[in-house]
Amino acid sequence: MSTNADPLVALGALPGVPDSVDSVRKAVDRVYGHRVMRRRSNEVTAEAALRGARGSAALSGAEWALEEVRRRSDFGGEGDARVMGAALRLTAEAGQLLSIWRQSPLRVLARLHLVAAADADEAAGRPRLAGEPVEEPLIELELPDAEEVAGRLEGLAQLVIAGSSTPALVTAAVVHGELAALRPFGSHNGLVARAAERIVLVGSGLDPKSICPAEAGHAELGRAAYAGALEAYASGTSEGMAAWIAHCGKAVELGVRESTAVCEALQRGAA
């Protein structure tokens, strides 16, 4: 990702991106206009959080049925349960970090990694150093070295702090793509990247009640499509960047569809 003066504006003008932005905005506006949102938005938010966490965990290899996530209370131990627990903790934590993000995005990322890793990583909360390994088996892009990671993280932070008139979808896609491609931490990078995308979408005002779980949409599109779109982003080409932004837009729209279904179910139950 280039860090020239406000490069996000240029990304927002890439072929196909304005159409994705417009489609996402219309979809979000429709679900926010649902009659259930006037009285039961907290229930929709809670359900969206659960579905978003489940989707993010699935993209990191822990594919659980929604009812299993709802039923379980113990997410300790190893393997899939630990991944699911990390995703649930991150979804809960993201809402507490909105006010900090625009002033100190690197601090937020450190906190997200601490929450995800819990006590499983001695280096939790700090970017990896030269020679330190990365445990992220489902992201197979070439791994940038620690020096490149540090420089690009700083560039990303400056973009966030400076602010931009760029649509939220574009900013969220770039934040997500950079973190997933860089894998700045020793573990849980995909989970952190998707939590950061959620923070941008909510904090920007596009989805202020956090009812459009893009993570669920990414999972529905599938790991193969996710990996392919991320590879396109990492290429650094205009076409690749546009493809990644469009992929993220589809994920948000599918997240909207999830919450629309929730609204419909709540409406039927109240009838």
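Atoms considered below: every heavy atom in the structure, side chains included; atoms not considered: hydrogens, waters and symmetry mates. Just so it is clear, the structure is predicted and the values come from calculations on it, not from any experiment.
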- Item | Verdict with supporting geometry, Arg30 and Thr260, side chain to side chain contact (heavy atoms under 4.5 Å, CB included) | CA-CA 9 Å; Arg30 282 195 298 272; Thr260 301; over 6 Å; no
Looking at every heavy atom in both [X] and [Y], which two are closest together, and how far apart are they?
X	Y	answer
Pro213	Ser259	CD-OG, 3.7 Å
Arg102	Val160	NE-O, 3.1 Å
Leu266	Arg40	O-NH1, 3.3 Å
Ala181	Leu230	N-CD1, 4.4 Å
Ala27	Val256	O-CG1, 3.4 Å
Arg183	Ile139	NH1-O, 3.7 Å

Should we say atom [atom1] of [X] is surrounded by more than 12 heavy atoms from elsewhere, each under 6.0 Å from it?
X	atom1	value
Glu231	CD	no
Arg126	CZ	yes
Arg70	CZ	yes
Glu142	CD	no

Does any part of the side chain of [Y], heavy atoms only, come nearer than 4.5 Å to the side chain of [X], both counted from C-beta?
X	Y	value
Glu135	His188	no
His176	Trp244	yes
Val175	Trp101	yes
Glu63	Arg223	yes
Ser204	Thr171	no
Glu220	Glu258	yes
Leu191	His113	no
Asp145	Val149	no

Could you tell me whether the side chain of [X] and the main chain of [Y] form a donor-acceptor pair under 3.5 Å?
X	Y	result
Arg89	Val115	yes
Thr45	Ile211	no
Gln96	Glu93	no

- Message: Run Leu201 and Cys212 through side chain to side chain contact (heavy atoms under 4.5 Å, CB included) and show every step you take.
- Response: CA-CA 9 Å; Leu201 292 172; Cys212 306; over 6 Å; no
[X] with [Y], same ILVMFWY side-chain cluster at under 4.5 Å:
X	Y	result
Tyr233	Val134	no
Leu141	Leu221	no
Leu156	Val200	yes
Val262	Val252	yes
Leu109	Leu114	no

- Task: Let me know which of Glu197, Arg194, Arg51, His218 forms a side chain to side chain donor-acceptor pair (under 3.5 Å) with Ser56.
- Result: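 It is Arg194; the other options fail the test.
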Test: [X] and [Y] ion pair at under 4.0 Å:
X	Y	result
Arg152	Glu147	no
Glu68	Arg72	yes
Glu253	Arg257	no
Arg54	Glu67	no

- Message: Before you tell me yes or no, could you show the steps for Ser187 and Glu136 under side-chain hydrogen bond (donor to acceptor under 3.5 Å, both in side chains), namely the whole-Å CA-CA distance, both residues' side-chain angles and the distance that decides it to 0.1 Å?
- Response: CA-CA 6 Å; Ser187 63; Glu136 201 73 44; over 6 Å; no
Say you draw a straight line from [atom1] of [X] to [atom2] of [Y]; how long is it, rounded to the nearest 0.5 Å?
X	Y	atom1	atom2	value
Leu138	Asn189	CG	CG	12.0 Å
Arg38	Ser41	CZ	OG	11.5 Å
Glu215	Leu59	CD	CG	9.0 Å
Leu66	Arg71	CG	CZ	12.5 Å
Leu159	Thr166	CG	OG1	9.0 Å
Ile161	Leu106	CD1	CG	7.0 Å

- Message: Under a plain distance cut-off of 3.5 Å, with no hydrogens placed, do Arg198 and Ser210 share a side-chain donor-acceptor pair?
- Response: yes
- Stepwise side-chain hydrogen bond (donor to acceptor under 3.5 Å, both in side chains) test for His34 and Glu264: CA-CA 9 Å; His34 197 287; Glu264 293 295 328; 2.8 Å; yes
- Message: Between Asp22 and Lys26, does the side chain to side chain contact (heavy atoms under 4.5 Å, CB included) criterion hold? Intermediate values first, please.
- Response: CA-CA 6 Å; Asp22 186 54; Lys26 288 178 179 177; 3.2 Å; yes
